[in-house]
Amino acid sequence: DVDFDSMTHVAWIDVGMDDDGNITDTDSWESVAAGLVAEAHSHGTKVHLCVTVFDDATQLAVLSNASKRAHAVSGLTALVDEYGADGVNIDFEGLDVELKEEFVLFTQEMNAAVDEVFVATPMKDWSGSYDYDELAAASDGLFIMGYDAHVDGSDPGPIAPYESGGLWPFLTLTWALEDYRTWDTPDDKIIMGLPLYGREWPATSADIPAVSIGPGSALSLSEALSRAEGFEYRYEEYSQSAWAFTGDSQLWYADLDSIEYKMEWAIDEGIQGVGFWAIGY
């Protein structure tokens with residue numbers, strides 16, 4: 001059901017990695033790659049394989065060891081080349097600052113082995129672990145994960161606020177873009193990732209900002225749109241986000257107006273483009 005004509009790239013989620021640099025969990029990729037690549041290429045859309053490593057111990061074991069990095073690069077390259085795909089999306093989250101240089105090396109080594117490499121990077125690098133300008137130079141682009149400004153354990157609020165307006169934390173799309181520019185990331189290497197999902201928090205009022213009375217839960221965009229039906233439509237202008245008060249909860253999500261506004265802003269800023277987490281939502 002993917003509209004390939006509307007996208008330059010799709011990234012398949014995902015394969016993993018163990019402490020020796022072996023590529024793991026390859027079954028889903030191997031089951032779809034041939035058909036996915038053929039269909040996408042027939043529309044001129046490129047296909048990347050996404051490798052995710054969120055475990056600190058695995059990141060340390062592989063990135064700090066040159067032979068393990070080479071082994072991981074070789075394994076990923078083989079999976080890309082076997083199916084005629086176009087590159088790799090590297091998604092190493094929660095990176096420790098001690099691995100900052102090694103992560104750049106891994107990105108460089110990966111980029112030397114496949115046609116394209118993109119790197120998923122945080123909305124805010126809390127520990128200074130991601131060397132934005134060096135990663136940009138070593139890759140075809142940085143995919144800023146411009147979402148999760150409000151999470152399950154926070155109070156209710158927009159997932160990807162456009163700007164603060166004094167209502168929201170500084171963690172906004174406009175702040176993130178300027179932060180990347182501050183660290184010398186070229187505009188033509190920036191992709192602004194936008195969310196195709198929402199969150200709902202138990203709350204007793206329609207005040208904004210509100211206080212949650214329990215943990216929130218994530219909903220895909222299709223689920224959020226369905227859930228919002230039957231309740232008063234609300235739109236918060238600073239964050240450029242749709243939301244609803246159900247009587248006992250607040251639901252925050254992106255609707256067409258929200259997505260269109262943020263896409264137009266990103267394009268007007270002259271960056272490489274926009275992307276989404278996740279097309280399947």
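- Here the straight-line distance linking atom CG of Asp18 with atom OG1 of Thr58 works out to 7.0 Å at 0.5 Å rounding.
- When atom types are taken as modelled, the side chain of Lys46 and the backbone of Thr8 share no donor-acceptor pair closer than 3.5 angstrom.
- Under the 4.5 Å side-chain criterion, counting only non-hydrogen atoms from C-beta, Ser239 is in contact with Trp252.
- The two residues Ala210 and Asp155 have their closest heavy-atom pair at O-CB, 3.3 Å.
- For Arg234 and Trp243, the positive end sits near the middle of the six-membered ring, less than 6.0 Å away and at most 45° from its axis.
- At least one side-chain heavy atom of Tyr162 sits under 4.5 Å from a side-chain heavy atom of Thr174.
- Inter-residue side-chain proximity for Arg199 and His150 is flagged as unmet; no heavy-atom pair is nearer than 4.5 Å.
- Val32 has its side chain within reach of Trp12: a pair of non-hydrogen atoms, C-beta onward, lies under 4.5 Å apart.
- Counting only distance, with no hydrogens or angles, the side chain of Thr24 and the backbone of Met17 share a donor-acceptor pair below 3.5 Å.
- Taking 4.5 Å as the limit, some side-chain heavy atom of Met7 sits within range of a side-chain heavy atom of Ile279.
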Set out, in order, the CA-CA distance, both residues' side-chain angles and the distance that settles side-chain hydrogen bond (donor to acceptor under 3.5 Å, both in side chains) for Asp14 and Thr52, then state yes or no.
CA-CA 7 Å; Asp14 64 347; Thr52 60; 2.5 Å; yes

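- With hydrogens and angles ignored, the 3.5 Å screen pairs no side-chain donor or acceptor of Ser74 with any backbone N or O of Ala70.
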Checking Tyr261 against Met263 for the side-chain contact (heavy atoms from CB on, under 4.5 Å) test, could you report, in this order, the C-alpha distance in whole Å, the side-chain angles of both residues, the deciding distance, and whether it holds?
CA-CA 6 Å; Tyr261 186 96; Met263 288 178 70; over 6 Å; no

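- Nearest heavy atom pair, residue Ile23 against residue Ala72, reads CD1-O, 3.8 Å.
- The closest donor-acceptor contact from the side chain of Ser129 to the backbone of Leu95 lies under 3.5 Å.
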Pairs of donor and acceptor atoms involving the side chains of residues 82-90, under 3.5 Å and at least two apart or interchain, shall be tabulated with distances.
{"unit_1": "Asp86", "atom_1": "OD1", "unit_2": "His41", "atom_2": "NE2", "d": "3.4"}
{"unit_1": "Asp86", "atom_1": "OD2", "unit_2": "His41", "atom_2": "NE2", "d": "2.7"}
{"unit_1": "Asp86", "atom_1": "OD2", "unit_2": "Val47", "atom_2": "N", "d": "2.8"}

From CA spacing to verdict: side-chain contact (heavy atoms from CB on, under 4.5 Å), Leu60, Glu98
CA-CA 9 Å; Leu60 176 62; Glu98 66 188 88; 3.7 Å; yes

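- With Lys262 contributing its side chain and Gln240 its backbone, the two residues share a donor-acceptor pair below 3.5 Å.
- Using modelled atom types, one finds no donor on one side chain facing an acceptor on the other under 3.5 Å when comparing Thr185 with Asp133.
- Taken from CG in Leu135 to OG1 in Thr121, the straight-line distance is 8.0 Å, to the nearest 0.5 Å.
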Given side-chain hydrogen bond (donor to acceptor under 3.5 Å, both in side chains), test Asp255 with Tyr233 step by step and report yes or no.
CA-CA 11 Å; Asp255 66 352; Tyr233 175 77; 2.6 Å; yes

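- Shortest non-hydrogen contact noted between Leu221 and Ala254 is CD1-O, 2.8 Å.
- A distance-only check finds no donor-acceptor pair linking the side chain of Trp277 to the backbone of Met145 [under 3.5 Å].
- In this structure, Tyr238 has its ring center at least 6.0 angstrom away from the ring center of Trp168.
- Residues Trp201 and Ser154 come closest through the heavy atom pair NE1-O, 3.1 Å.
- Between Phe92 and Phe103, the ring center distance clears the sub-6.0 Å criterion.
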Could you check His48 against Phe118 for side-chain contact (heavy atoms from CB on, under 4.5 Å), going step by step and ending with a plain yes or no?
CA-CA 9 Å; His48 288 185; Phe118 285 80; 3.2 Å; yes

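- Because its NZ or CZ atom is both nearer than 6.0 Å to the ring centre of Trp126 and within 45° of the ring axis, Lys124 counts as a cation-pi partner of that residue.
- Ring geometry for Tyr180 versus Tyr132: interplanar angle under 30°, hence parallel rather than tilted (30 to 60°).
- A salt bridge does not link Lys189 with Asp140: every distance from a Lys NZ or Arg NE/NH1/NH2 to an Asp or Glu carboxylate oxygen is 4.0 Å or more.
- With Ser127 contributing its side chain and Val97 its backbone, the two residues share no donor-acceptor pair below 3.5 Å.
- With rounding to the nearest 0.5 angstrom, the CD atom of Gln272 is 7.0 Å from the CG atom of Asp188.
- When only modelled atom types and interatomic distance are considered, Thr246 and Ser249 share a side-chain donor-acceptor pair under 3.5 Å.
- In this structure, Leu173 CG and Ile144 CD1 are separated by 9.0 Å, a value rounded to the nearest 0.5 Å.
- Annotation: the span from Glu269 atom CD to Asp187 atom CG amounts to 7.5 Å, rounded to 0.5 Å.
- Listed for the Asp125 side chain is a donor-acceptor partner under 3.5 Å among the backbone atoms of Gly128.
- When all heavy atoms of Ala160 and Ser241 are compared, the pair lying nearest together is O-OG, 4.5 Å.
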Could you walk me through whether Ser226 and Glu223 pass the side-chain hydrogen bond (donor to acceptor under 3.5 Å, both in side chains) test, one step at a time?
CA-CA 5 Å; Ser226 177; Glu223 292 170 336; over 6 Å; no

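- Contact annotation: the side chain of Ser139 approaches that of Leu142 to within less than 4.5 Å [non-hydrogen atoms, C-beta and beyond].
- Counting all heavy atoms, side chain and backbone alike, Ile271 lies closest to Ile190 at CB-O, 3.5 Å.
- Other residues, nucleotides and ligands contribute over 12 non-hydrogen atoms within 6.0 Å of the CD atom of Glu30.
- Taking 4.5 Å as the limit, every side-chain heavy atom of Leu63 sits out of range of all side-chain heavy atoms of Leu105.
- Taking the side chain as every heavy atom from C-beta outward, Asp20 and Lys68 approach each other to under 4.5 Å.
- Checked by atom type and distance alone, the side chain of Glu200 never pairs as donor or acceptor with a backbone atom of Leu251 at under 3.5 Å.
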Residue pair Gln59, Leu99: steps toward the side-chain contact (heavy atoms from CB on, under 4.5 Å) verdict:
CA-CA 8 Å; Gln59 291 176 0; Leu99 297 172; 4.0 Å; yes

